[in-house]
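Take a look at the structure set out below.
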There are 2 protein chains.
Amino acid sequence: MKEKYMKEALKQAQKAYDLGEVPVGAVIVKDGKIIGRGYNSKEKNYDTTKHAEIIAIQKASKKMKSWRLNNCEMYVTLEPCSMCAGAIIQARIKKVYIGAMDYKTGACGSVLNLFDDFKFNHYVENENGILKNECENILKKFFKE
Amino acid sequence: MKEKYMKEALKQAQKAYDLGEVPVGAVIVKDGKIIGRGYNSKEKNYDTTKHAEIIAIQKASKKMKSWRLNNCEMYVTLEPCSMCAGAIIQARIKKVYIGAMDYKTGACGSVLNLFDDFKFNHYVENENGILKNECENILKKFFKE
């Protein structure tokens, strides 16, 4: 099941790749259904907030008509940065499944870990390494070219 | 000068107040000119990413046709959360002037300090207490009602 949804996140990453954007994708799942999808489109939109996770949260919130994404899970191909990890906490997402880790800016275990920070009012469960190779490979291919 | 721009941020906070949203406002200044304004509209839009700072960054980026907001300063009435502080770092904003502190979720000195974290590739200068009383009062008034 985890792999099934991470594959959907990878499809989103491929869309970013095809547009010449750093290939990162995310989906949000509730009760087994995808309620939000997003891919990085920062360069195209001249907008640093257009990360995959932010777009997926915006779409899921619109669909749910609520900013509270209780009992929702996110699948994301790359470890979220502090902006995205912060948005995930604010949106009350229950659990985040991560593909590849981001040792330069990752805020879910690499540079710091906002999810494990019990100072916030919401704790986000998290698990990494889901389809790790596939998630890393699309990034490697992008940066090689 | 600092007070002049914080007053503009307070005008944005007032717009949020008038809509029944937690009254937080932000403006982004480059070369003495305001290039982006934003106010919290999370409830109205069912969207946790609609914080004042994110909206101001999106508007300034659109105006600059670049996600890099080099040499820009932000004035914000309340200490940014981790999502917004992360966005400010990503956008390469030079300095942030803060009004009131947020002891529950502030990520610029209260709960944690992302700006002083030298692990990231960009360091954001920051100063707080600009029109502190005015920035606190509008929030106190909102939460009393």
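All chains are named by letter (A, B, ...) in the order of the sequence lines, taking the proteins before the strands, and each is independently numbered beginning at 1.
Taking 4.5 Å as the heavy-atom cut-off, none of the residues of residues 130-145 of chain B approach chain A. The contact list for residues 47-59 of chain B toward chain A, using heavy atoms and a distance under 4.5 Å, reads B/D47, B/T48, B/T49, B/K50, B/H51, B/I54, B/I57, B/Q58 by residue number. Interface with chain B: from residues 37-46 of chain A, residues A/K42, A/E43, A/Y46 qualify, criterion being any non-hydrogen pair under 4.5 Å. When the heavy atoms of residues 68-95 of chain B are compared with those of chain A, the residues falling under 4.5 Å are B/C81, B/S82, B/M83, B/G86, B/A87, B/Q90, B/A91, listed by number.
Counting heavy-atom neighbours within 6.0 Å of A/K15 NZ, excluding the residue itself, gives a total of 12 or less.
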Quick one: do B/M64 and B/I35 satisfy side chain to side chain contact (heavy atoms under 4.5 Å, CB included)? Show the steps, please. CA-CA 8 Å; B/M64 302 291 290; B/I35 59 162; 3.8 Å; yes
Please test B/M1 against B/K4 for side chain to side chain contact (heavy atoms under 4.5 Å, CB included), starting from the C-alpha separation and ending with a verdict. CA-CA 5 Å; B/M1 275 315 249; B/K4 177 186 149 188; 4.2 Å; yes
What do the steps show when you test A/V96 against A/E125 for side chain to side chain contact (heavy atoms under 4.5 Å, CB included), and what is the final call? CA-CA 6 Å; A/V96 175; A/E125 298 169 44; over 6 Å; no
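Taking SG of B/C108 as the reference point, atom CE of B/M101 lies at 7.0 Å (rounded to 0.5 Å). Interatomic distance, B/K62 NZ to B/K65 NZ, rounded to the nearest 0.5 Å: 10.0 Å. Separation of atoms OH (B/Y97) and CG (B/N128) is listed at 12.0 Å; rounding is to 0.5 Å. Taken to the nearest 0.5 Å, the CH2 atom of A/W67 stands 10.0 Å off from the OG atom of A/S61.
Taking every heavy atom of both residues into account, B/T105 and B/D102 meet most closely at OG1-OD2, 2.8 Å. In terms of heavy atoms, B/V29 sits closest to B/I34 at CG2-CG1, 4.1 Å. In terms of heavy atoms, A/A13 sits closest to A/P23 at O-CB, 3.4 Å.
Residues B/I98 and B/V22 share a single hydrophobic cluster, defined by chaining ILVMFWY side chains whose heavy atoms lie under 4.5 Å apart.
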